[in-house]
Amino acid sequence: MSDERLSRALHILDRLIAFDTVSARSNLELIDYVEGYLDEFGISSRRFYDDSGEKANLWATIGSSDYGGVIWSGHTDVVPVANQDWATDPFKMQRTEERVIGRGVTDMKGFLACCLALVPEMVQSPKQKIHLCFSYDEEVGCLGVRSVVKEIASWSQRPLGCIVGEPSSMKVITGHKTKRSLRCHVRGRSAHSSLAPQAINAVHYGADLVQYISEMGKGFALHGPMDDLFSVPHTTAHVGVMQGGTQLNIVPDRCHFDFEFRALPDSDADALVAKVKAFAAERLEPQMKKIEPNAGFEFETLASFPGLAIDAEDDWVRTMQHCAQTNYVSKVAYGAEAGLFNSVAGVPTVICGPGDISDAHTANESLEISQLSKCMKVLMNSFEITYA
């Protein structure tokens, strides 16, 4: 049966990769395919659309009702391929003896394919109740799944646990970081560069705030707090984009930059954002307003989601360790939807999925085929464990 499972998973993965579900585009063709596949086995599905109607989460239950059971969850969107040096068409899966290659094989259509490949076995021998949750817009801030999470939070009887299949090399992950990302807009006053002291240089003041954020990051690395189960054991601060000015002899009156905090899940990420805003308002803006009353800073939130922090002694963690045949747990520096399921929906959640995060988002993204087999074994164990 394992060879048949693997063959089915690879066939499904090939189909999933062919759908260009970069986050800026619709995922509805992929959802149509999954919905049709499940319908062949008599499994009904429900869609949770975004406001545009161009994207949707898909929720399907294998079992007698919506409540209880176990959630297998993954996102359908992928990151862009533009400006990456791909050796092959990223949306046509390639296969070598040991690996498959294509956009999303690791992050995270490989996991989705494993879930779907097991459907024929689950409907023939129903044991545990399984909910499939395939979401949109995870890559741009874990946005899509929130409508599902909100509904689950209202249920009187919630699922026993959730597996989010982000790439973890099939390790059981009990923690991921909290994220806050923002865009800072700086307003100054323009002038000829020969009259620079009479102007407000938005780039200069933006750079002052960027330097403050950089110093915060250095402080986290030196002073913690620390959690050595994370590969990066402390909170991080990062500025990824900065733009301002038009040419050298004009003092720029506009600048913006994007920054983020990836905080340990027990840290107060909002307090870190508040410190940045306070430095801008109390230390920088008074200098600016002496020359230009309308000068200053504005902040726009780009993404915000909670971290995952589930106790290693939790019953669901113990169950997943049994399913994965391991005594160990780990934590990851990247963000995921797991924190939303765990802290907002109130469903005990771990990350456990095929592939290595170092292969995600890269050109020629690839996945060891053996990871698919390992994933399906763990998922089947979670299907059988509770009532076996």
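Sequential numbering from 1 along the given sequence is applied to the chain's residues. Basis for what follows: all heavy atoms, side chains included, without hydrogens, waters or symmetry-related copies. All figures in this text were calculated on a predicted structure; none of them were measured in a lab.
A heavy-atom distance below 4.5 Å is found between the side chains of Ile351 and Val332. Contact of the Tyr37 side chain with the Leu116 side chain is registered, since non-hydrogen atoms from C-beta on lie closer than 4.5 Å. Contact check for Leu308 versus Thr174: no side-chain heavy atoms found under the 4.5 Å cut-off. Under the 4.5 Å side-chain criterion, counting only non-hydrogen atoms from C-beta, Leu38 is in contact with Val34. A heavy-atom distance below 4.5 Å is found between the side chains of Ile17 and Leu13. Within the 4.5 Å cutoff, the side chain of Thr178 has no heavy atoms near those of the Phe305 side chain. In this structure, Leu16 and Tyr33 have side chains that are in contact, with non-hydrogen atoms separated by less than 4.5 Å. Contact of the Ser366 side chain with the Val100 side chain is not registered, since no non-hydrogen atoms from C-beta on lie closer than 4.5 Å.
More than 12 heavy atoms of other residues, nucleotides or ligands sit less than 6.0 Å from atom CZ of Arg183. No more than 12 heavy atoms of other residues, nucleotides or ligands lie within 6.0 Å of NZ in Lys150, so this atom counts as exposed by the packing criterion. Other residues, nucleotides and ligands contribute at most 12 non-hydrogen atoms within 6.0 Å of the CD atom of Glu29. No more than 12 heavy atoms of other residues, nucleotides or ligands sit less than 6.0 Å from atom CG of Leu248. Within a 6.0 Å sphere centred on NE2 of His185, other residues, nucleotides and ligands contribute more than 12 heavy atoms. At most 12 heavy atoms of other shown residues, nucleotides or ligands fall within 6.0 angstrom of atom CD in Glu98.
Atom CG in Leu6 sits 4.0 Å away from atom OG in Ser373 (nearest 0.5 Å). Summarising the geometry, atom CG belonging to Asp20 is positioned 3.5 Å from atom CZ belonging to Phe91; distances are rounded to the nearest 0.5 Å. Put simply, NE2 on His75 and CG on Asn27 are 12.0 Å apart, with the number rounded to the nearest 0.5 Å.
Shown here for Ser44 and Ala60, the closest heavy-atom pair between the two residues is O-CB, 3.6 Å. Closest approach of Leu340 to Pro306, counting heavy atoms only: CD2-CD, 3.6 Å. Of all heavy-atom pairs spanning Val105 and Leu367, the tightest one is O-CD2, 3.4 Å. Minimum heavy-atom separation, Pro286 to Arg283: CD-C, 4.0 Å. Heavy-atom minimum distance, Ala9 versus Ala113: O-CB, 3.6 Å. Here the closest non-hydrogen pair linking Phe111 and Cys352 is CE1-O, 4.1 Å.
For residues 267-279, every residue pair satisfying the side-chain hydrogen bond (donor to acceptor under 3.5 Å, both in side chains) rule, not counting sequence neighbours, is listed here: Arg180-Asp270. Screening residues 297-320 for salt bridge (Lys or Arg N to Asp or Glu O under 4.0 Å) gives Arg187-Glu298, Glu313-Arg318 as the qualifying pairs, with residues at least two apart or on separate chains. Pairs of residues two or more places apart, or lying in two chains, that qualify as salt bridge (Lys or Arg N to Asp or Glu O under 4.0 Å) and include a residue from residues 100-110 are Arg103-Glu365.
Each of Leu132, Ile62, Leu112 was checked for a side-chain contact (heavy atoms from CB on, under 4.5 Å) with Trp72, and the lone residue meeting it is Leu132. The residue from Phe279, Tyr205, Phe297 that alone fulfils the ring pair (Phe, Tyr, Trp, His ring centres under 6.0 Å) condition with Tyr212 is Phe279.
With hydrogens and angles disregarded, no donor-acceptor distance shorter than 3.5 Å links the side chain of Thr235 to the backbone of Ala263. A donor-acceptor distance shorter than 3.5 angstrom exists from the side chain of Thr349 to the backbone of Val347, with no hydrogens or angles considered. In this structure a side-chain-to-backbone donor-acceptor pair under 3.5 Å is present from Ser343 to Gly339. Of the possible donor and acceptor atoms, one in the side chain of Ser168 sits under 3.5 Å from a partner among the backbone N and O of Gly353. A donor-acceptor pair is defined here as one N or O able to donate and one able to accept, closer than 3.5 Å; no such pair exists between the side chain of Ser193 and the backbone of Ala196. Not a single donor-acceptor pair under 3.5 Å links the side chain of His176 to the backbone N or O of Gly335. A donor-acceptor pair under 3.5 Å is formed between the side chain of Asn201 and the backbone N or O of His204. No donor-acceptor pair under 3.5 Å is formed between the side chain of Asp253 and the backbone N or O of Arg189. A donor-acceptor contact shorter than 3.5 Å links the side chain of Thr76 to the backbone of Ser135. Judged purely by atom type and a 3.5 angstrom limit, Arg158 uses its side chain to pair as donor or acceptor with the backbone of Ala153.
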Exercise. Can Glu139 and His361 be said to form a side-chain hydrogen bond (donor to acceptor under 3.5 Å, both in side chains), step by step?
Worked result: CA-CA 10 Å; Glu139 295 289 4; His361 297 194; 3.3 Å; yes

Exercise. Given Met380 and Leu118, is the side chain to side chain contact (heavy atoms under 4.5 Å, CB included) satisfied, shown in steps?
Worked result: CA-CA 8 Å; Met380 282 304 291; Leu118 296 176; 3.7 Å; yes

For this session: I would like to know whether Glu121 and Arg8 meet salt bridge (charged side-chain N to carboxylate O under 4.0 Å, His left out); could you show each step before the answer?
Result: CA-CA 12 Å; Glu121 295 173 64; Arg8 188 160 57 239; 3.4 Å; yes

Problem set entry | Check against ring-ring contact (aromatic ring centres under 6.0 Å, His included), Trp59 and His131 | CA-CA 7 Å; Trp59 177 271; His131 309 285; 5.0 Å; yes

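Judged purely by distance below 3.5 Å, without hydrogens or angles, the side chains of Asn57 and Ser147 pair a donor atom with an acceptor atom. Side-chain atoms of Asn249 and Gln247 form a donor-acceptor pair, as typed in the model, at a separation below 3.5 Å. Defined by atom type and a distance below 3.5 Å, a donor-acceptor pair is present between the side-chain atoms of Trp86 and Gln84. Defined by atom type and a distance below 3.5 Å, a donor-acceptor pair is missing between the side-chain atoms of Thr236 and Arg262. Side-chain contact, Ser23 with Asp137: no donor N or O sits under 3.5 Å from an acceptor N or O.
For the ring pair (Phe, Tyr, Trp, His ring centres under 6.0 Å) test, no residue two or more places apart in sequence or in another chain qualifies with Tyr49. Scanning for ring pair (Phe, Tyr, Trp, His ring centres under 6.0 Å) contacts around Phe257 gives Phe259, with sequence neighbours left out.
By the 6.0 Å and 45° rule, Lys179 does not stack over the aromatic ring of Phe261.
A single hydrophobic cluster is not seen to contain both Val79 and Ile357; linkage of ILVMFWY side chains at heavy-atom distances under 4.5 Å, directly or through other members, places them apart. Transitive grouping of hydrophobic side chains (ILVMFWY, heavy atoms separated by less than 4.5 Å) keeps Leu28 and Phe134 in distinct clusters.
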Compile the donor-acceptor pairs under 3.5 Å between side chains in residues 324-331 and protein atoms, sequence neighbours left out, one pair per line.
from   : atom 1 : to     : atom 2 : distance (Å)
Thr326 : OG1    : Tyr328 : N      : 3.1
Lys331 : NZ     : Asp227 : OD2    : 2.7

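Note on Glu337 versus Arg146: no salt bridge recorded, every NZ/NE/NH1/NH2 to OD/OE distance being 4.0 Å or above. Salt-bridge formation is not detected for the pair Glu54/Arg25: no Lys NZ or Arg NE/NH1/NH2 atom is positioned less than 4.0 Å from an Asp or Glu carboxylate oxygen. The pair Lys374-Glu368 fails the salt-bridge criterion, with no side-chain N (NZ, NE, NH1 or NH2) lying under 4.0 Å from an Asp/Glu carboxylate O.
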